[in-house]
Amino acid sequence: ARAVVDVGGPGDAPSATDAGSDDSGATLPDAATDLDAGPPADSPALPDAGPTCPTFGAPVELGYIANAGLAELSGLVESRVSPGILFGHGDNNTDLFAVRASDGDVRGHWTLRSGGTALGAGDVEDIAMGPLGGGGTGIYLGDIGSGSSTIRIARLPEPVVPLTGTAAGGVLDAEVMIVSNFLGLLIPNAETPLVDPLSGDVVIVQKDGAAHPCALGPFAAGTTVTPDCSAPAVPGLMNPSAGDVSPDGRFVSLRNETLS
């Protein structure tokens with residue numbers, strides 16, 4: 001769905017430095033020069049409040065995705081190199097699809113392999129964009145929903161997809177990082193992989209009640225990593241089922257079935 005972002009503008013906020021005058025006509029002190037001498041030299045700086053979250057308009061239906069492989073569409077992410085294209089996947093296999101955002105037409109379908117072996121079936125819960133080790137943008141698939149002893153993150157370079165004409169397709173090579181899950185106890189249930197667009201760090205957010213993040217560190221192909229789940233839960237959201245990081249790294253968005 002297409003969304004309209006309205007974050008306001010500088011004209012919406014009153015000036016904080018012009019105190020004006022009172023009803024008697026007397027000029028009030030200038031807040032910037034007379035009253036605000038700043039904090040003492042040894043005072044700690046105030047923490048940055050961070051960016052203001054954008055607001056979105058009502059969703060608008062643009063089309064219908066008529067493909068059996070996406071009957072249970074489990075994740076979508078916007079292409080970084082093919083404008084107007086969304087990458088997506090189903091829930092029970094590792095196939096990758098490209099969809100035209102304007103109407104839902106499927107513009108690409110690939111099967112994935114690693115080391116010459118097909119990745120095959122899985123429990124792929126979500127998709128993310130992030131950096132590749134040698135530069136460029138990569139697609140990350142989180143095969144993380146099974147709660148088994150080993151779950152995995154697959155990464156591959158983003159293919160170029162045509163908006164019109166013959167649809168793309170074939171076989172794509174992916175790298176795989178295994179996540180040691182200790183009999184499913186470290187991450188019993190998860191549907192949200194996140195990738196820092198600046199550092200390349202990978203995080204899995206658990207769905208087991210509270211939203212507990214589990215850090216994996218930078219993607220390392222062909223290795224097995226143990227998640228660090230010691231960070232506190234994200235407040236205010238239970239059982240997250242999807243998420244994403246803005247391309248500039250300023251925003252992390254999480255959602256569940258009823259709340260975003």
Side-chain angles (χ1 to χ4, degrees), residues 1-6 53-113 118-130 136-145 153-174 190-195 197 205 207 240-248 251-260:
R2 181 171 295 165
V4 178
V5 179
D6 179 11
C53 290
T55 58
F56 298 90
V60 177
E61 183 175 325
L62 298 176
Y64 183 78
I65 302 174
N67 188 291
L70 294 175
E72 191 176 354
L73 179 61
S74 191
L76 279 174
V77 70
E78 183 181 20
S79 170
R80 301 292 189 263
V81 301
S82 300
I85 292 294
L86 304 173
F87 289 107
H89 59 89
D91 187 72
N92 58 6
N93 63 68
T94 56
D95 285 11
L96 178 69
F97 293 84
V99 176
R100 191 164 55 204
S102 61
D103 59 5
D105 184 46
V106 175
R107 301 299 306 148
H109 176 200
W110 302 266
T111 58
L112 304 185
R113 67 186 179 189
L119 294 186
D123 194 355
V124 183
E125 295 291 354
D126 208 355
I127 187 172
M129 283 290 186
T137 305
I139 296 172
Y140 291 69
L141 288 171
D143 185 5
I144 59 175
I153 303 290
R155 184 181 75 173
L156 64 148
E158 180 183 350
V160 177
V161 182
L163 272 179
T164 60
T166 304
V171 180
L172 294 175
D173 290 308
E191 296 185 0
T192 308
L194 301 173
V195 182
V205 183
K207 192 186 177 183
S241 57
D244 208 347
V245 184
S246 64
D248 61 5
F251 295 97
V252 176
S253 175
L254 295 174
R255 60 152 293 172
N256 59 20
E257 280 77 5
T258 59
L259 178 68
S260 179

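Values below: every heavy atom of this structure, side chains too, minus hydrogens, waters and symmetry copies.
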Under 3.5 Å, side-chain donor or acceptor atoms of residues 155-164 against the rest of the protein: list the pairs with distances, not counting sequence neighbours.
unit_1, atom_1, unit_2, atom_2, d
R155, NE, E175, OE1, 3.2
R155, NH1, Y140, OH, 3.3
R155, NH2, E175, OE1, 2.9
E158, OE1, R80, N, 3.4
E158, OE2, S79, OG, 2.2
E158, OE2, R80, N, 3.0
E158, OE2, V81, N, 3.2

(message) Treating R107 as the side-chain partner and G165 as the backbone partner, does any N or O pair qualify as donor plus acceptor under 3.5 Å?
(response) yes
(message) Once rounded to the nearest 0.5 Å, what's the spacing between atom CG of L172 and atom CH2 of W110?
(response) 6.5 Å
(request) Please examine the side chains of I65 and V106, heavy atoms only from C-beta on, and report whether any two atoms are closer than 4.5 Å. (result) yes
(request) Return the minimal non-hydrogen interatomic distance between D143 and V124, and the atom names on each side. (result) OD1-N, 3.8 Å
(message) Could you report the tightest heavy-atom contact between P240 and K207, atom names first, then the distance?
(response) O-CG, 3.3 Å
(message) If I compare all heavy atoms of G88 with all of I127, which pair ends up nearest, and what's the gap?
(response) N-CD1, 4.4 Å
(message) Please check: side-chain N/O of T111 versus main-chain N/O of V171, any donor-acceptor pairing under 3.5 Å?
(response) no
(request) Working to the nearest 0.5 Å, report the span between CG of D95 and CG of N67. (result) 9.5 Å
(message) When you measure from the side chain of N93 to the backbone of G120, do you find a donor-acceptor pair of N or O atoms at a distance under 3.5 Å?
(response) no
(request) Check the angle between the aromatic planes of F97 and H109 and answer parallel, tilted or perpendicular using the 30° and 60° thresholds. (result) parallel
(message) To the closest 0.5 Å, what do you measure between CD (E191) and CG (N256)?
(response) 10.5 Å
(message) For G75 versus D126, what's the shortest heavy-atom pair and its separation?
(response) CA-OD1, 3.5 Å
(request) Search all heavy atoms of A174 against all heavy atoms of L119 and return the closest pair with its distance. (result) CB-CD1, 4.3 Å
(message) Check whether S74 reaches the backbone of D91 with its side chain - one donor and one acceptor, N or O, closer than 3.5 Å.
(response) no
(message) Within this structure, what is the CG-NE2 distance for the pair L76 and H89, rounded to the nearest 0.5 Å?
(response) 8.0 Å
(message) Looking at every non-hydrogen atom in both residues, tell me the closest pair between T94 and L112 and how far apart they are.
(response) O-CD1, 3.3 Å
